[in-house]
Each structure stands twice: as C-alpha cells, then as structure tokens.
Amino acid sequence: VDNEKKLIDEILSGNQAAFERLVNKYERLVAHIVYKMIPASEEFEDICQEVFIKVYKSLKTYRGDARLSTWIGRITYNRCIDYLNRKKIPIIEDDLSTAADYIADNSEGPDSRAELANTAEAVRFEIDRLPPRVGTIVALYHLEDMSYAEIGEILNMPDGTVKSYLFRGRKLLRDRLTSKYNIEELWQ
Amino acid sequence: MAVNHLSDNDIQDFLEGNLKNRDEEIRLHLNECATCNKKFKEFSVIFNQVKIDTTPALSTSFASKVAAKAFSESEQSKKVFSPYIYYFAGLVCLIVAIWYTGIWSIFGRMMSALKITSIADFIGDLIISVLTPLAKMLHIDTAFLAVFILVLIVAVALDYIIRHSRQRTISYLV
C-alpha cells in the first residue's frame, strides 16, 4: 500500500516514468477484463489505452479506499460497459447452457480434431467462449489471484454471486470439454 | 443402499481447499466412488486449464506509448488555457495604461485626421454612429471604446497569426 501511495505521489508530481511503471504493473489486469468483456475487438489495444488515460486523469481522485488494482479494474469494467452500450452490443450474459444445449447449437464452431491443431488450442477456444462476465471472473480469479470480494467490487456484484458465476463457469467449461475429449487427452 | 455422491460444488470447494473439515471424508469417498473420482479428475483438469492465459499480449511499447500520450494530453490541456490568461491580463494592463495616460485622445485625433476621403468619411461615420450610442450606454468615452475595440482586434489578429505560424512551422518540420 505504501509503495502504491508513493507511486501515485510520483505520478501526480509529474513523473512520467512512474506512470509507465504503473501501466506495466496493471496492463495484464486491464487486458484480461477488456478481452473477456469485448472479445475479438479490433480496438482491443485502443480500449486498453483509453482505460489508462482515464486512470491517469482520475488518479487525483483516488482516495485509497480500495486497492489500486481493484480501482483500476473497476474503471476498466465500466469503460467496457460504456463501449458495449455505445456500440449497442448486448451483453450475452449468463448463457451457462448445459453441454447438451451447447453441442446442439455448436454446429458452426470448429470441430475439435479437424480444425483445432491440438487440445490446448481447443481449451483456449472454450475458455474464450465463456460468457463475458463469467470469463472475466474466471480470469481475475485464476490469473490475477483476486478474491471474491475484490472481483465483486470490480463487477459491482455480491461475493456470493461471484462465487456462483465462477463455479458455474468452470462447470460449463468441464461439460463442454468433456463432451468432446476424454480426460486423458485433456490431462496434458 | 443409496450412495451420496459429491456435488459439483462440493468437488470445486474441495479443490479450492474450502472443505478442510470434511477433507478425510471426501478423500475416502473419492477412493471408493468411481463416478465421483471421474468427476474429480475432470475438475482437476479444468482447474489447471483455466490458468492458461488466452488474453493477447499488448505491444511491447504499450506502457511508454500510453504514458507519453497521457502526459502530452495533460500538457496540451494546460497550454490551451494558459495563453488566454496572459492575453487577457495583457489586454487589461494595456487598457488601464491607456486610460491613465490619456493616450486615447491621440487615437481619437488620428481617427479624425483619417477622414480624408468620402469612403473614409462614410466608414468613419458608420463606426461613430455605432460606437456613440454604445459608449453612451456603457457611460464611457466614444474614443476610448474605439481604442478598446481596436486593441482587441489587434490582439486577436496577433494571436491568430502566432498560432497559425507555429502550426505551419511544426507541420513543415514534421
């Protein structure tokens, strides 16, 4: 926390290198949220850039009530929601359909063996196909090591809902993958 | 005898280490129950696979680019504001100086001297006919108002010339 405060003070006193350090530290966090919320966007890097510009402009209002990562995550998430609203893109949310539903309407997706080079690629494909908020929660929990409370603060939802989404997301992933592969293939 | 299988949530909680108090019981069940054991293995795989980072990498110079942009935008917003403060302050000083030294009367005489042609007369009359009621309304001298407007026009013109010449110089250099 002290290091964060020191970093913020340096940025506010006009130290550009300090802001560069902040961007380096949190760019993966921002990238995860943007990529999960707005997948396949050509503006991916531009949106990440806008987020950090907004962070820079708002830094003087940061009071330190939340961790800096949570605060930046919240700005990123809100920016994604604004983007989706502005582009009139509906959030296809909570589509935690069962494996059976998934297989039934998955005819246009790539075939597991024919089109995807290997199992790892298939796994990546399925992870990227998780619904936006669920994918974001999975990424923040497993890649950013955030707690339910921190994720809840970012996505503005109760801890219990975060846990529920996370469990359902992993179950969905398991159902989808085991419907195509056997466990030995996945165990790599 | 009915078998109490572990639920999906039980297995996920167990893998997350949230069921320490049932640890022994669950391990025993997983050793004995093939159905739950299979499910446990599948979730173990998923717990490993979700650690795969599928998010594309940002460009290597991303941080430096963003930092440069954020700081230059901030500088620009300061620059847009600050020259106007200087122009305004300069203008006020100039007007006050003219007012105290009485130089406006010289400008007034110069304007009178300029009325040498009929077109000049017409334009002069037109300006005076507009300025006189305005000056009366503001309770100030007409010549003073004329000088004030003249200074304003010169300041705006200079500002325009300086800004555009700077931009042209920059565009030539770039």
Enquirer: When hydrophobic residues are tied together by side-chain contacts of less than 4.5 Å, even through go-betweens, does B/Leu28 share a cluster with B/Phe43?
Expert: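 Cluster IDs for B/Leu28 and B/Phe43 differ.
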Enquirer: To the nearest 0.5 Å, tell me how far A/Leu173 CG sits from B/Phe47 CZ.
Expert: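 A/Leu173 atom CG to B/Phe47 atom CZ measures 11.0 Å (nearest 0.5 Å).
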Enquirer: At a 4.5 Å cut-off on heavy atoms, which part of A/Asp46 comes close to chain B: side chain, backbone, both, or neither?
Expert: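 Answer is neither: A/Asp46 stays 4.5 Å or more from chain B.
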Enquirer: Do the side chains of B/Leu138 and B/Leu131 join up, straight or via other hydrophobic residues, at under 4.5 Å, putting them in one cluster?
Expert: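 Yes: a chain of side-chain contacts under 4.5 Å links B/Leu138 to B/Leu131.
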Enquirer: Could you measure the distance from the NZ atom of B/Lys51 to the NE2 atom of A/His142? Nearest 0.5 Å is fine.
Expert: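 Atom-to-atom, B/Lys51:NZ and A/His142:NE2 are 7.0 Å apart.
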Enquirer: Rounded at 0.5 Å granularity, tell me how far OG1 in B/Thr54 sits from NE2 in A/His32.
Expert: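 Atom-to-atom, B/Thr54:OG1 and A/His32:NE2 are 8.5 Å apart.
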Enquirer: Do you know the tightest heavy-atom contact between A/Phe19 and B/Ala67?
Expert: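 Minimum heavy-atom separation between A/Phe19 and B/Ala67: CD2-CA, 3.6 Å.
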Enquirer: Apply the test side-chain contact (heavy atoms from CB on, under 4.5 Å) to residues A/Leu166 and B/Gln12: give CA-CA distance (whole Å), side-chain angles for both, the deciding distance (0.1 Å), then the verdict.
Expert: CA-CA 10 Å; A/Leu166 179 67; B/Gln12 291 198 58; 5.8 Å; no
Enquirer: Please assess B/Leu58 against A/Phe44 for the test side-chain contact (heavy atoms from CB on, under 4.5 Å), listing each intermediate value before the final yes or no.
Expert: CA-CA 9 Å; B/Leu58 292 161; A/Phe44 168 65; 3.8 Å; yes
Enquirer: Return the CZ to CZ distance between B/Phe62 and A/Phe52, rounded to the nearest 0.5 Å.
Expert: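 Nearest 0.5 Å value for the CZ-CZ distance: 5.5 Å.
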Enquirer: Salt-bridge test for A/Arg170 and B/Glu16: reply yes if a basic N is under 4.0 Å from a carboxylate O, no otherwise.
Expert: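 Yes, this pair counts.
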Enquirer: When rounded to the nearest 0.5 angstrom, what is the spacing between CG in B/Asp53 and CG in A/Leu143?
Expert: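 Spacing of CG (B/Asp53) from CG (A/Leu143) equals 5.0 Å.
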Enquirer: Can you check whether B/Thr55 reaches A/Lys36 side chain to side chain, under 4.5 Å on heavy atoms?
Expert: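 They are in contact (side-chain heavy atoms under 4.5 Å apart), so the answer is yes.
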Enquirer: Show your reasoning for whether salt bridge (charged side-chain N to carboxylate O under 4.0 Å, His left out) applies to A/Arg168 and B/Asp8.
Expert: CA-CA 9 Å; A/Arg168 285 157 69 194; B/Asp8 291 339; over 6 Å; no
Enquirer: Please check if B/Leu30 and B/Ile46 belong to a single hydrophobic cluster, counting links between Ile, Leu, Val, Met, Phe, Trp and Tyr side chain heavy atoms closer than 4.5 Å.
Expert: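 Shared cluster, no.
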Enquirer: One pair to check against side-chain contact (heavy atoms from CB on, under 4.5 Å): A/Arg124 and B/Gln49. What are the steps and the verdict?
Expert: CA-CA 8 Å; A/Arg124 279 190 208 106; B/Gln49 300 288 12; over 6 Å; no
Enquirer: Taking everything shown except A/Arg86 itself, do over 12 heavy atoms lie less than 6.0 Å from its CZ?
Expert: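 Counting neighbours around CZ of A/Arg86, more than 12 heavy atoms of other residues, nucleotides or ligands fall under 6.0 Å, so yes.
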Enquirer: So, taking the atom named NZ in B/Lys69 and the one named CD in A/Gln16, what distance separates them when rounded to the nearest 0.5 Å?
Expert: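 Rounded to the nearest 0.5 Å, the NZ-CD separation comes to 13.5 Å.
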Enquirer: Please determine whether side-chain contact (heavy atoms from CB on, under 4.5 Å) holds for the pair A/Phe167 and B/Asp13, giving the CA-CA distance in whole Å, both sets of side-chain angles, and the decisive distance to 0.1 Å.
Expert: CA-CA 9 Å; A/Phe167 277 44; B/Asp13 265 328; 3.3 Å; yes
Enquirer: What part of A/Arg21 lies closer than 4.5 angstrom to a heavy atom of chain B: side chain, backbone, both or neither?
Expert: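 No part of it gets close to chain B.
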Enquirer: Would you say A/Arg174's side chain and B/Ser44's backbone share a donor-acceptor pair under 3.5 angstrom?
Expert: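 Between the backbone of B/Ser44 and the side chain of A/Arg174 there is no qualifying donor-acceptor contact (under 3.5 Å).
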Enquirer: Indicate if B/Val156 and B/Val154 have the same hydrophobic cluster label, given that clusters are the connected sets of ILVMFWY residues with side-chain heavy-atom separations under 4.5 angstrom.
Expert: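 B/Val156 does not cluster with B/Val154.
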Enquirer: Please determine, by modelled atom types, if B/Lys38 and A/Thr178 share a side-chain donor-acceptor pair under 3.5 angstrom.
Expert: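 Per modelled atom types, B/Lys38 and A/Thr178 side chains form no pair under 3.5 Å.
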Enquirer: Can you get from A/Leu12 to A/Leu7 by hopping between Ile, Leu, Val, Met, Phe, Trp and Tyr side chains that sit under 4.5 Å apart?
Expert: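 Yes: a chain of side-chain contacts under 4.5 Å links A/Leu12 to A/Leu7.
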Enquirer: Among A/Glu50, A/Gln49, A/Glu20, find the one that has a side-chain contact (heavy atoms from CB on, under 4.5 Å) with B/Val66.
Expert: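 Answer to the side-chain contact (heavy atoms from CB on, under 4.5 Å) test with B/Val66 among A/Glu50, A/Gln49, A/Glu20: A/Gln49.
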Enquirer: What pair of heavy atoms forms the shortest contact from B/Ala63 to A/Asn24, and how long is it?
Expert: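 Minimum heavy-atom separation between B/Ala63 and A/Asn24: CB-OD1, 3.4 Å.
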